[in-house]
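Small disclaimer: the values here were computed from a predicted structure and weren't measured. Per chain, numbering begins at 1; letters A, B, ... match sequence-line order.
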Protein chains: 2
Amino acid sequence: MDAIDLNLVDLLRGNARLSYAELARQVGLSAPAVHERVGKLESGGVIRAYRAEVEPETIGLGVTALIGIVEDSGADTDDVLEAFRAMPEIESCYFMAGVESFLLKARVGTIAELEQLIVRLNRTPGVASTRTGIALSTKWENRPQPVAPPTG
Amino acid sequence: MDAIDLNLVDLLRGNARLSYAELARQVGLSAPAVHERVGKLESGGVIRAYRAEVEPETIGLGVTALIGIVEDSGADTDDVLEAFRAMPEIESCYFMAGVESFLLKARVGTIAELEQLIVRLNRTPGVASTRTGIALSTKWENRPQPVAPPTG
DNA sequence: AGGTTGAGGTCGATGGCGTCCACGGACTGT
DNA sequence: ACAGTCCGTGGACGCCATCGACCTCAACCT
């Protein structure tokens, strides 16, 4: 992980569809060298995936909610996690410090679907209570912060 | 936005680096047809960006925090937003219903940096108070839920 | 009914790109 | 000094992106 690798990471976080040739021009190496470096970043677990970022409303996911979860005393956290994982609406899942063990980000199409999701969460064994906040709008999301040292 | 478009969106959310030829095979069209469709999805605002998803710890962003913001009565929300936007550590920003107007997701390298960020947030004009929760681990993040109707 | 128009597809060609391979130079440890 | 290793370059070759020409079909107008 040298400065060139960080540079490649920044470039690909900005635009995952850049060609190896273009990446090579940007970092001042040849295309095969970049190809090998990116391959190592992928297999080394630095780059996890390449994803298209989609405007959720346009694909029928207009409702965003953030849900805090309080576990039952004596709940099996792994089982709870497994149950969450099986719900595709839960896009993100953080294990938190504090009273609420988890914070979930969920996206659904309608408030009715959100209601159903919350009911399912409350019925999940190990879940004591939920606390839901609705996002009225997403100002921005997953903005990549640059990590490469400034060039020059 | 027909079923084929939704299919393309799902495919690209799963792997943004798929070639047009591969996409074409998957949806049963020719490569130029797919090229045109994807171009329209991009210029039509459905596909916002293509991003490499990176393991944050590997690039020195080991601390994730979720921060609720209570605004001053009479604060200018746009000014507050501008101030948040200028802080690169804030990766996501949701405008929320409830007492806390904003929920921020921030990533920094160390707890000391998080402390500095919170101080800066509390000093921001229009911010009355902050409430920070630390994510002990990210179980998953931005998992794309499929939206295309099942084929066949 | 028939002609026109436009959207959206296929096909074919071409230039650039991805990817494999052989080779070369700089560090490192002995 | 020398061998080994790492990391790069350059060349070659096949696939891909992308453009233009053409086709098909449905909607619409006269």
Side-chain angles (χ1 to χ4, degrees), chain A residues 1-61 142 144 146-152, chain B residues 1-61 142 144 146-152:
Chain A
M1 271 300 266
D2 60 5
I4 292 182
D5 281 341
L6 288 175
N7 225 309
L8 289 172
V9 164
D10 275 352
L11 288 166
L12 286 170
R13 288 214 294 173
N15 181 3
R17 280 182 82 82
L18 286 175
S19 67
Y20 290 115
E22 182 58 30
L23 291 170
R25 278 187 286 270
Q26 302 264 347
V27 302
L29 289 182
S30 65
V34 168
H35 187 256
E36 188 179 340
R37 276 173 178 265
V38 172
K40 285 182 182 171
L41 288 172
E42 293 169 358
S43 60
V46 175
I47 294 178
R48 211 186 310 156
Y50 301 97
R51 302 205 179 285
E53 194 183 293
V54 168
E55 199 72 43
E57 294 82 5
T58 64
I59 55 171
L61 295 174
N142 299 120
V147 291
T151 317
Chain B
M1 272 299 267
D2 60 4
I4 292 180
D5 281 341
L6 288 175
N7 226 309
L8 289 172
V9 164
D10 275 352
L11 289 167
L12 285 170
R13 289 215 293 172
N15 180 4
R17 279 181 82 83
L18 287 175
S19 68
Y20 290 115
E22 182 58 31
L23 291 170
R25 278 187 285 271
Q26 301 266 348
V27 303
L29 289 182
S30 65
V34 167
H35 189 256
E36 188 179 341
R37 276 173 177 266
V38 172
K40 285 182 182 174
L41 289 171
E42 292 169 359
S43 60
V46 175
I47 294 178
R48 211 186 309 157
Y50 301 97
R51 304 205 176 286
E53 195 182 294
V54 167
E55 199 72 43
E57 293 82 6
T58 63
I59 54 170
L61 295 173
N142 301 118
V147 293
T151 316

Once salt bridge (Lys or Arg N to Asp or Glu O under 4.0 Å) is applied, what residue pairs with a partner in residues 43-56 of chain B remain, sequence neighbours excluded? Arg48(A)-Glu53(B), Arg48(A)-Glu55(B), Arg51(A)-Glu53(B), Glu53(A)-Arg48(B), Glu53(A)-Arg51(B), Glu55(A)-Arg48(B)
Are the side chains of Leu18(A) and Gln26(A) in touch, meaning some heavy atoms are under 4.5 Å apart? no
Under 3.5 Å, N/O pairs linking protein and nucleotides 22-27 of chain D:
none

Quick one: list whatever passes salt bridge (charged side-chain N to carboxylate O under 4.0 Å, His left out) with Glu22(B), sequence neighbours left out. Arg25(B)
With sequence neighbours left out, write down each residue that passes side-chain hydrogen bond (donor to acceptor under 3.5 Å, both in side chains) with Asp5(B), or none if nothing qualifies. Arg37(B)
Sequence neighbours left out, what passes ring pair (Phe, Tyr, Trp, His ring centres under 6.0 Å) with Tyr50(A)? Give chain and number order. none
Only pairs at least two apart or in different chains count here, so list each ring pair (Phe, Tyr, Trp, His ring centres under 6.0 Å) that has a residue in residues 8-32 of chain A. Tyr20(A)-His35(A)
Results of salt bridge (charged side-chain N to carboxylate O under 4.0 Å, His left out) for Glu36(B) - residues two or more places apart only: Lys40(B)
Can you give me the bend angle of the helix from dA1(C)-dT30(D) to dT30(C)-dA1(D)? Use the axis through the first five pairs and the one through the last five, nearest 10 degrees. 30°
Given side chains that start at C-beta, do those of Ile47(A) and Leu8(A) come closer than 4.5 Å, heavy atoms only? no
For Asn15(A), which residues count as a side-chain hydrogen bond (donor to acceptor under 3.5 Å, both in side chains) partner, sequence neighbours excluded? none
Got a donor-acceptor contact below 3.5 angstrom from the Asn7(B) side chain to the Val27(B) backbone? no
When every nucleotide of nucleotides 8-22 of chain C is labelled 5' to 3' by its protein contacts under 4.0 Å (heavy atoms), B for base, S for sugar-phosphate only, - for none, what sequence of letters results? SSBB-----SSBB--
